[in-house]
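Below is one structure, written out as structure tokens; comments come after it.
Positions are given from 1 along the sequence. Here the structure is a predicted model, which means the values were calculated and not measured. Numbering of ligands and ligand atoms starts at 1, following listing order.
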Amino acid sequence: MSIPYIGRFAPSPTGPLHMGSLLAALASFLDARSQQGKWLIRIEDLDPPREQVGATDSILRSLEAHGLLHDGDICFQSQRHERYLEVLEQLLKLNAIFPCQCSRQELAANKGIHNGRCHSDKVELPSPGWAWRAATQAINLQFEDSLKGIQRQALAEEVGDFVLLRKDGLFAYQLAVVVDDIDFNISHIVRGEDLLSSTARQIYLYELLNCTPVKYSHLPLIMNSQGQKLSKQNHAPEIQSSLAPENIYFCLQLLGQKPLAELRGASCEELLQWGIENWNLKDIPASLPRPAS
Ligand code: GLU
């Protein structure tokens, strides 16, 4: 029996939706719908200091205006802290995590990489001022990305023991993303290639939790004219909902799907329907052209 397709789009509400995030939303939506799959939305509101007031509403309004309608209820990570703690306790029982108080300056000597348990003290989980790290092993983690091919990462050497609960008491993205993807039975993840380097850490957590990792597709990123990834930090402009069909058409082109010329001027619904019927992941280019400055 094949596993039902469940995909997701998981924006952090650090700013409004920009063209780069629309591209990821559209690709994950089309990949799911073209395989009769479900498409869920998760708001990754884990880090209140980095969030922007009103960003969640604005992201959700933009998605709707572009016809990207989701299934089920929206998941908010801010409401799942108990579950994240429960999984940390499970990992502690497996002796897979350890407490740490190392500072950034201390780790700088080792290029920021933490290797090995640094404390023998008995520490409660959670305890203010203590981070909790996943103990990595000297393994070469390998996985296949449908767009980028075979990927390898020597976890202990290249990444080191990574943080799951921060010193300031906030849960780390790496933990929350895996717990949620497991709990919501996500089968496929289509997202930007800036997260490719996080994937081995996430697969490692799946393995520790005895779960089967998902299928990954990492998309090329839209760059600005300075060659930086479009992002909220780089003040990428908010996507205009009044231009929703044009935005969808533009993203279909960027994704190498070659929308028909007569679809210019079509509605979002028509464009998305065409996109679902003609979706081919293999047509996505390896990189996107950088706009002229
Ligand atoms: N919340 C992350 C972001 O906005 C995406 C996480 C993911 O897709 O795994 O970049």
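Closest to atom 3 (C) of ligand 1 among all protein heavy atoms lies Ser12 OG, 3.6 Å. For atom 7 (C) of ligand 1, the closest non-hydrogen atom on the protein side is Arg8 NH1, 3.3 Å. Of all protein heavy atoms, the one lying nearest to atom 5 (C) of ligand 1 is Ala10 O, 3.3 Å.
Proximity of Leu85 to Leu125: side-chain heavy atoms (C-beta onward) are separated by under 4.5 Å at one or more points.
Using modelled atom types, one side-chain atom of Asp45 and one backbone atom of Ser78 make a donor-acceptor pair closer than 3.5 Å.
Note on Leu94 and Leu205: same hydrophobic cluster, where clusters join Ile, Leu, Val, Met, Phe, Trp and Tyr whose side-chain heavy atoms are under 4.5 Å apart, directly or indirectly.
Per-residue contacts place Glu44 under 4.0 angstrom from the following atoms of ligand 1 (heavy atoms of the residue considered): 1 (N), 2 (C), 5 (C), 6 (C). Counting atoms of ligand 1 from 1 in the listed order, those under 4.0 Å from a heavy atom of Val177 are 9 (O). Every atom of ligand 1 with a heavy atom of Tyr173 under 4.0 Å away is listed here by number and element: 6 (C), 7 (C), 9 (O). Interface of Arg191 with ligand 1, defined as ligand atoms under 4.0 Å from a residue heavy atom, comprises 7 (C), 8 (O), 9 (O).
Using a cutoff of 4.0 Å between basic side-chain nitrogens and carboxylate oxygens, Arg83 and Glu86 are scored as salt-bridged.
Looking at Leu195 next to ligand 1, no N or O pair under 3.5 Å apart turns up. Considering backbone and side-chain N/O atoms, Arg42 never comes within less than 3.5 Å of an N/O atom of ligand 1.
For the side-chain hydrogen bond (donor to acceptor under 3.5 Å, both in side chains) criterion with Thr199, the lone passing option out of Gln151, Arg191, Gln153, Glu193 is Arg191.
Taking the six-membered ring where the residue is Trp, Phe9 and Trp39 present parallel rings, their angle staying beneath 30° rather than reaching 60°.
Going from atom CH2 of Trp279 over to atom CG of Leu272 covers 11.5 Å, rounded to the nearest 0.5 Å.
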